[in-house]
Every structure is written in structure tokens, then in C-alpha cells.
Amino acid sequence: MENTLSRGNQKINSFFRAIWKGLRNPTFLYIVRRILSSLLTLVLLVALVTTLIHMLPDNKFVSDSEYSSMIAKYGQTIADNWRKTVLFKYGRVDLNGNRIPLIQSILQYIYYILPIYKEIPITWNNRYTKVIKYWTGFVYLGRSMTSSAFVLDEFVARVPISFQVTMLALLLTYIIAYPLGIAMAKKPGGVVDKIGNVFIVLNYAIPALVFYLFMNIVFGDPNGIFGWAKFGYYYNANNPSFWNLVPPILCMSFLAIPGVIIWLRRFMVDELNSDYVKFARSKGLSENKIMYTHVLRNAIVPLVRNIPATFIGAIVGSYFVEKIWSIPGTGSLFTDGLQALDVPVIQGLCVLYSAMSMLAFLLGDIITIFFDPRIKLQGE
Amino acid sequence: MAKKKIKQTLNNDSLNLKDGDTIVSVKDLEVQFSVRGKILTAIRKISLDIYKGEVLAIVGESASGKSVFTKCLTGMLESNGHVSGGSIMYSGTDLTQFETPEEWQQIRGKRISTIFQDPMTSLNPLRRIGSQIEEVITLHRGMKKKEAKAEAIRLLKKVGIKDAEARYRDYPFQYSGGMRQRVVIAIALACAPDILICDEPTTALDVTIQSQILELILELKKEFGFTVIFITHDLGVVAEIATRVAVMYAGQIVEYGSVDDIYYDPRHPYTWALLSSLPQLGEKGETLYSITGTPPSLFNEIQGDAFAPRNPYAMKIDFVKEPPMFKISETHYAKTWLCDPRAPKMERPAIIGEITERVKRIYQHTGGNLDENKEE
């Protein structure tokens, strides 16, 4: 009896020892450290953005002319009350009309974005004496002042269409750019390389906006060369059709191709000049074999790091493309928020985008370990 | 399709040769590079026979064309260079007629292997040691993956890597420089080549590792019986391993002969100068000799003897007419007018006369054994 117990104990012991060993794994520790430092960065970012918004004068939120017309219409008291309500909505004063100190705003925002369950009052009665409605959930990014939609909900609702367009454009870009890059790197200075370079320079020379507008017409014109395809000028959110998204996808990937080619070619040419390629050649390997099993394999290492960033970045659509083809995606959210001085949208998207990019770079670093055995992720 | 690209096929004649037979015969080889629109003649009419089983050392200062010469044997010239004349006969085929990479792939690795100077960069840093050896074995010997692995481990053991089974899965960065050079040698020998070209294989290594690697090459040579072409500018290394020496200057072989010929009876003033400047032969209190001036530019046509401007023994004719190869003995040739019977008798530098005594003194001192190495 005692024996079995101690044996069981031993089992449990070794189980915990294994976990303890796993926890002390340098790569794991490094990732934990990176996440912690990302969170710290996020807190600092919140503080910075909140401070900047705090420093804005009140008349950015309540315009002086509106305020004076209110005074003229309803008198000083009502106008003051109205002004207070508006400033309260923007989180600049509390219910009594006292200015909220900066540090309180920052701490409150951090509390909002902490992923814990919370209830947040969002609707009051007319006299602001009683809360009528609460928001419940985990991460609260505030509520748009212009559309009164919740920032996070609004963003999430717009993600799928942007993600679809950008992702397809990216895939198309890689499918076209990789073989082209490899073909160019095979003979630096050769015919393919020269033609490719001309393409890249011309492509870079085209202003994106002009290109999109032009292509919108070229693809959309029912009497034009693509008239038969019926791509249409716009994407119609009420009658969604993938066909309308084809032109923006093609245009986006067309403009993205040179960026991929340039880096791939550059890294491949670097590798081609290295000694191990010379040695591989002297071993009698064929040029193709050298190209694919040595050069390409090494050249993609520096590119791999950016892949998560590229794909996570695909959540955020292109502003121009979505405006021109009227795709209701995430691209215009931030810009529109800035224009309307929609404080919750600006703050919320700042936090969201920076969290996304920090995650992307962490993933990028983790992926690199698998491609480059020399790299070990560990703290000091 | 790959077959079409091979116009010249290689036969196996060279595999049946006995030691001492001519394995490679280079005749009037000329190599030109086009550099910024100008023509640079890097190799100026070299003729040399290479015999099976020998260790031929090619010595000379930097840019004398040592590496370029051996690159011609495997078609590894840089893209702006080409063989502009002459022939390289190997196994009944003129290698200068090879055009496509596919033709060269018949030779590279399989028949002629090369070891490069820097072991730190010769291996792909991101691939396992094992897979880099296997790659050659499966390519040239048509082995299956499993056999190839066993063969690779055998080779690793052969070049002196302990615990080869475990190290097979390592990456190059886990190896030291000497270990990497051993791996490079294992790869070069994976297909039992006829000829091993060593392009300064020990220059990047420290002295202790250097002698280990040299010993390894000699050991393996004894076992596999390949021919070694050894490029170096270190005459100490030459004395250690070579059986025959060719001295190169400004794209030409100015003197060649057995190690004895070159060390004990050098005839060309450039060889004298090289030997005189050997730090090993220097004596305490003596100023070390150094060759003044710089080698001539190979962009221009060279009048007379290329070494003449730097040569304190130069005669008038050296500036006017290029000397022919003079035969001194069956094995020993030198390209200098000093060997012409009409030339005045020149006093050789004192150090050359004393060289036997000096070398003996050094080898007694270090316990080295020059004579034994020579006989190999």
C-alpha cells in the first residue's frame, strides 16, 4: 500500500519535474519575456496616446461657434450643461463636470483593455442619474462617437472582407513574384534579369492612387476591353459578388510584386556569390539543384521573418483600394476616425494595430528558429 | 534534354593509369578575363604535364594565376573569364572544349574535386553536415538514402571525426575550422576522384591544425591513390608534402621540377627570391629578404621576361625577348635566360648556396623529416 503510494508520488514528481524543465526552456522563457515586454510597450502606448488626446483643447470637441449659438438660443446654464455632457461623453470630465486627471484616464483605459470580465455603463437616463445599459465583456475598446458602434465590433465586422481581398492579393503576389525572383537571380545581369528590372522600375514609378483609379475604369467599363467580364466599377455590399473583388485583388498584387521580387532576388544573389555555392558547384551539383536546395533555402531565411507580419497585416485592408472599389473593409476605419476626431476609434485602433504588429514580429522571430538553426531565442 | 547539352563525353581512360603516367596534359594554355572593357591575360601560355599519383605544388605570390590555372581544370572560371587558347587533355578529352555546365558536371566532384581556402564558408551554414555529404554520394554514386548515410558516416570517420554518427546531424556552425575542413575533405573525396585540387586549404587555419590537415591529405592520398594539385604560397608547406613544384609568376610557370630540384638547385631568379624570403630559413640578426617592386600589370602585353624589372640579375635580353623553357635535367625546367649557355655566370644569392645546411639545421632542430616526405 505504502509502496504504491510512493510510486504514485514518484510519478507525480517526475511529471512536475518535466513541466518545470519545460518552463525553464530558454526558448519558452524568451517568448514569455517578449510577451511581457510587448504588454509593457502596449501600456506605454496607451499612456502616450491618452496624453496626446488629453492635451487637445476642449474646443476640438465642442466647437466655440456651436457653444455660443447654444448660449444665444437657450441661455448660459443649458448651454453649459450641454457642453458638460458632450465633454463627459468624450471622457474629459466626470458626471459632476470636474476635469478627469490624465493619470485616471490612462488607468481607466488600461482597465478597459485588460482581458477580464467587466461591466461598463454606456447609457444613462436623461439627467445622468441612473445607468440604463451596461456593456459586458472582456476587452472594451470604447464606442465610436460618430456611428456609436463599439470599436471592436465594428472592426471585427469589417475584417472578413478586407482579409479576403488582401490575402488573395498576397497569395497571388507570392505565386507570381517567387518564380520571377528566382528566374532573375539565376543569371544576374542576364536577359530575364534586365526585363525584370525594367518591370520593377516602371512599376515603382506608377503612383498607386493613379494606377487604382485608372484600373478601376479599365476593368469596370462595360464597353472597355474587360467589358465582357462584367467586373463592375464597385463592390456592392448589399449584393455581394466575388467577381467585383477580382480587379482590386489583381491591382493590389500587381503593385506588391516588385517589393517581393527585389528582396528575394537580392538575398539569392548574395547567397549565389558565397563560397559554399562555389564548393557545391565543384562537387558537381547541377545549377538547378544548387538553386533550389542551397540558394533558395538560405535566401528565404531573412524573408520568412516578415511572413507573419504580412499575413496579420492583411487584416487591415488598403485604404485606397477599399475607397475606390467601395469595399466596406477595415482600411478606412482609422483614417476616417482621425478625420472625425473620433477619440475611441483612434485609441482603440492604435492599441489593436500595435498589439497585432507586436504579435506578428514575435511569431516572425519564432518561425525563424525553424529556418535557421544558428538562431537560438534566449534571454541573456 | 540534359543529354543534348553534353557534346563531349568523358571516357574512363584516366582511371586505368598507373602511377607516373601523364594524367593531365596542359599545352599552351591561355586564359583571359575581360575587366571593365579591358582584356587581362591571367594565364600566359602554360604547358605542364601532371602525373598520376604525384603531389604537385603550385607556388607563387598572390595574383600569379595559381588559382585561375586550376579552375580551368574544372571549368570554374568566373563568368568574365574564358580559355582563349591551348588545350587541357584529360582522359582523352580536351577540357577546353567543354561548354555547358552539364559537360563539366561529368568531371566536377566525380573525377576532379576541389578543396577551397576557407572551410568556414565552404559549407552551407543552414544544412546538416550529413546531408551535404550525402548529396554528393547520391548524385555521383547513385546510392539510396540509407546506403548514402552509412557511406557518409564512414567517410566522416575516415577524415578523423570522432563520434561520427552523432555529428552527422550537426550543423557547420557547431564545428571548428579544422573540423569543417575535414568535412570538406570528406565531401571532396566522397566520389573517389582522380585528382584533388587543394586551393590553399590550410591558409585559413592555425599552424597546428594546418599540419594535421596536411597529414590527413597525405594519408588519404596514400590510401586512395589520387593525384594532388596543391596551391599555396607557403614554401614551408610545399617542402612538407610536395613531390614536384611549379613556380608561377605573372601568369606563367617560370620553373618546375622535383622538390629537390627547386630547393637545392633553383635556377630562376624569381625562385631564388622566393626561397631567400622564406622566414623559416632566415637567421637571427639577418635582415629578411624581400622582393622589391610589384608584379607587372597583366592588362598590357609583357615584353621580355615578366620578372625582369624586379630582378637584380636581369640582363639586357630579359627586357627584350621572352626566354624559352630551358631543360636543366629530365625533371627540371626553368624559363630564364640565365640558363642559356651564352649567359654570363651569375653568383646566386648566398642563402641559396647555404640552403642545404640551413634546411638541415631547421629540420634537426624541429625534428621534422624532410627526406621521408619527399619520397612519397
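Lettering follows sequence order; numbering is per chain, from 1.
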Scan chain A against chain B and return every donor-acceptor pair whose distance is under 3.5 Å.
residue	atom	partner	partner atom	Å
A/D275	OD2	B/T121	OG1	2.6
A/Y276	N	B/T121	O	3.0
A/S282	O	B/G109	N	3.0
A/K283	O	B/H140	NE2	2.7
A/K283	NZ	B/Q132	O	3.2
A/K283	NZ	B/E135	OE1	2.9
A/T293	O	B/R127	NH1	3.3
A/H294	ND1	B/N124	ND2	2.9
A/H294	NE2	B/R127	NH1	3.2
A/H294	NE2	B/E135	OE1	3.1
A/H294	NE2	B/E135	OE2	2.9
A/N298	ND2	B/N124	OD1	2.7

Point to revise | Side chain / backbone / both / neither for B/L139 at chain A, heavy atoms under 4.5 Å | key: side chain

Point to revise | Structural part of B/I112 lying under 4.5 Å from a heavy atom of chain A | key: backbone

Point to revise | Atom group of A/V277 that falls short of 4.5 Å from chain B, counting heavy atoms | key: neither

Review point. What residues, two or more places apart in sequence or in another chain, satisfy side-chain hydrogen bond (donor to acceptor under 3.5 Å, both in side chains) together with A/S318?
Key: none

Review point. Which of the residues B/I107, B/I115, B/V184, B/I197 is involved in the greatest number of heavy-atom pairs with chain A at under 4.5 angstrom?
Key: B/V184

**Study point:** Atom of B/P125, atom of A/P373 and distance for their closest heavy-atom approach
**Key:** O-CG, 4.4 Å

